[in-house]
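So you know, we letter chains A, B, ... as the sequences are listed, proteins then strands, and number each from 1. Excluded from the calculations below are hydrogen atoms, water molecules and symmetry mates; all remaining heavy atoms, backbone and side chain alike, are included. On a predicted model such as this, the values are computed, not experimentally measured, just so you know.
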Amino acid sequence: MIPLDRRSREVVEEVRALGQEYMRPMGLEADRSAMPPPADHPFYLLCSRQSGLVSAQVGADEDPQSLAWRPLRALLINEESAYWDRGVALSLPGPGLGGAALRSTATPEQHDRFLQPFADHSRAHWGAMAMTEPGAGSDVARIQTRATKDGDEWILTGAKMFCSNAARADWVVVWATVDASRGREGHRAFVVEQGTPGFEIIKIEHKMGSRGYETASFVLDHVRVPAENLLGGEEFYQSRKGFKGAMNTFNITRPIHAVQGVGMGRAAYDLAAAFVRDEYPAQGRRRQRALERLAEIRRGLQTARLICLHAVWLAREGRDNALEASYAKLYAPPVVVRAVSTALDIMGEAGVRNDRMLEKLYRDVKILDIGEGTQQVQRLVVSRRLFNLPRDA
Amino acid sequence: MDAFALTPEILGLQDAAARFGHERLAPSVRDHERVRSWPPDVVDVVHDFSSGADPLAKVVLLETLAMYDAGGLFAADIDGPAAATGGPGWLFVPPAGAPRRVEWAPGWPAIARVWVSDGGGDELSLIDTSAASTTEVDALAFHASGGIAIDLDGCPVLEERTLPVGGGAAVRGWARLWCAAVAVGVAQSAFDATVAYTTERMVFGKPVAYHQGNAFALAGLATDIHGARLAVRDAATADDGGFSATQAFLTAVDTAVAVTDAGIQLLGGHGFLVDHLAEKRFREARMLGLLFGGRDSAEADAAALVLDVPTSL
């Protein structure tokens, strides 16, 4: 088994306590009302004050070596918080995916300018990142949002969708193209600050599940951003290295995204296991069948968790984990969808009742197989890495 | 992260086993099948490799050797699957009740003792089979391990033990983990051979593997192998009464069956010929899931333990 050190266990315990007190009830309320929790919810302020779900990922008594635990603790936090409510976990204040882009790409000046406000704990702050467009999801090379240089400014025009927390964010990292015919080579990332004229949220999407966080669509109607908001500066984009560097961000976020499914699968398992304990006959064929199916759920979840942990462990060791990150994102979501479905089988009609939460999990979980690169995209990535599948095959 | 960070000693063992497998096992696979054994000097090396190996080292070793030839492993490590009993002997998990015969066991070296673990329980018997009547069996796979049936009628019982609660599942769990490690090796070699063939063989103007239907299937299988390997290694370091080991067995044998099935399918008619090893691996993968009580016994043990093993880290 995977041995966790004391601080890692404490971190999981902290998340568990907050999950039970805040996240689960907030997620259920968001699901019922089909509205994410309001930005001024006291829980968000609480999280802002401690810069996240836990008081500190690295304990005060730990030596600097333990900083190496950070990615693994991020994984543990994500699994545990998704156990209580993945939607609410995604709604937590912080720079989000935009922060990941900033950390891998920004100039020191940009880093300070856009991340420093998160040290202000008087209110919650969010950041966001927008890549997907109505006509370009998995194939990001097809994005059409235009970036045109005009003196010391860039003019952005286009539309973005499926952007988490964009409506409440201080800024959004927006990906645009200077020349759509150049594919990824034409891409540039800009920080667009809330309130910039022409930046307009047009819709908070209504979703089947995962309603605990807002999913926004917005338009950019000749939005003028200063040249110093071009992420990384001009020279960053002179080589493919720049874009690839930004994409490498996802080698960490893919397993983290995938492990959220393990948390959700665990939640489904616990509901079904409790149902078997309480409602099934004490012995006999039906109970035996249910127990075997519970074990089947556990097999998938444990393997998924190991693949996610391994991908992050490789990153911690400073080793290339692009293939293993895709393994994680390819393996976990369908296994978890199946796990929740199996839990429904075990509970039968009792599982479809909204007050039992399992039907919510079934609605919540499917998005995992789509966001951060669909299962099909991961199969492409794995095929290219393992046997050089040509891009035009 | 013990299961991820292999020690230098284990990495050295893995490397040595791979070189040995490449040089001594792989070139003679079909010869070994024909004569139903491995040469004594090969067996000596396998014993040397196994000597003193802890569970994690052992599963890495089995996986590595199985990539080159799994055929004689059962005989070469005849006491290995029963290691959790604490004594030498072949392990047999009958489907139900008092068994009258062991349907399949390695044909060499001679089996003097058979441990019988009642499927699902904690009873363990040790039977003296030194004078038992045996019959050579032409089995589905593992021909290089020989293959005999042992008639247990009249064989004296040397010992009867009632293990502590859960002890039977732990004994069976280790035997299953032994199989699971072999299954990962068989699956990996099947995958490698499939990729080698399908990236060369052209169909409808491009390599077989480059058709998206096939590429996607191969990507999924590679992911499953990776997961099964991690599950096996993690189980080797687990202390949960055989739960993780039994779960890893189910994961690994299911993966091996799927990979070796694709290994024939994507080779087309060639996969069905003995000219390739795809058919051998296909047979081996299926047989691995039938030993030591098979999948059904494993599912029953996993079900018996599932509510007692916590889900959180």
With only heavy atoms counted, which part of [X] is less than 4.5 Å from chain A, the side chain, the backbone, both or neither?
X: B:A196; answer: neither
X: B:F249; answer: neither
X: B:T251; answer: both
X: B:E299; answer: both

**OP:** Could you tell me whether A:D320 and A:R385 have a side-chain N and a carboxylate O separated by less than 4.0 Å?
**Re:**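 Yes, A:D320 and A:R385 are salt-bridged.
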Original post:
Salt bridge check: are A:R289 and A:D345 linked by an N-O gap of less than 4.0 Å?
Top reply: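 Salt bridge absent between A:R289 and A:D345.
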**OP:** Classify the side-chain pair B:T260/B:R286 by whether it contains a donor and acceptor separated by less than 3.5 Å.
**Re:**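 Side-chain D/A pair, B:T260 to B:R286: absent.
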Original post:
With no hydrogens and no angle check, do the side chains of A:S138 and A:Q376 hold a donor and an acceptor under 3.5 Å apart?
Top reply: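 Side-chain D/A pair, A:S138 to A:Q376: absent.
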**OP:** Heavy atoms only, distances under 4.5 angstrom: which of A:V381, A:L294, A:L389, A:D270 has the most pairs with chain B? Name it, please.
**Re:**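 Heavy-atom pairs under 4.5 Å are most numerous for A:L389.
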Original post:
Using a cut-off of under 4.5 Å for heavy-atom pairs, which of A:L301, A:L291, A:L323, A:L380 has the most such pairs with chain B?
Top reply: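 Max contact count across the listed options: A:L291.
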Subject >> Side-chain heavy atoms of A:Q302 within contact of B:F243, under 4.5 Å >> reply: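 No, every pair of side-chain atoms sits at 4.5 Å or beyond.
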For [X], which atoms come within 4.5 Å of any heavy atom of chain B: side chain, backbone, both, or neither?
X: A:Y269; answer: side chain
X: A:Q375; answer: neither
X: A:R293; answer: neither

Original post:
Around A:Y362, counting heavy atoms of other residues, nucleotides and ligands shown, do more than 12 lie under 6.0 Å from its OH?
Top reply: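 No - once you tally the heavy atoms of other residues, nucleotides and ligands closer than 6.0 Å, there are 12 at most.
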Subject >> Ring center gap for B:Y197 and B:H276 short of 6.0 angstrom >> reply: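 Under 6.0 Å, so yes.
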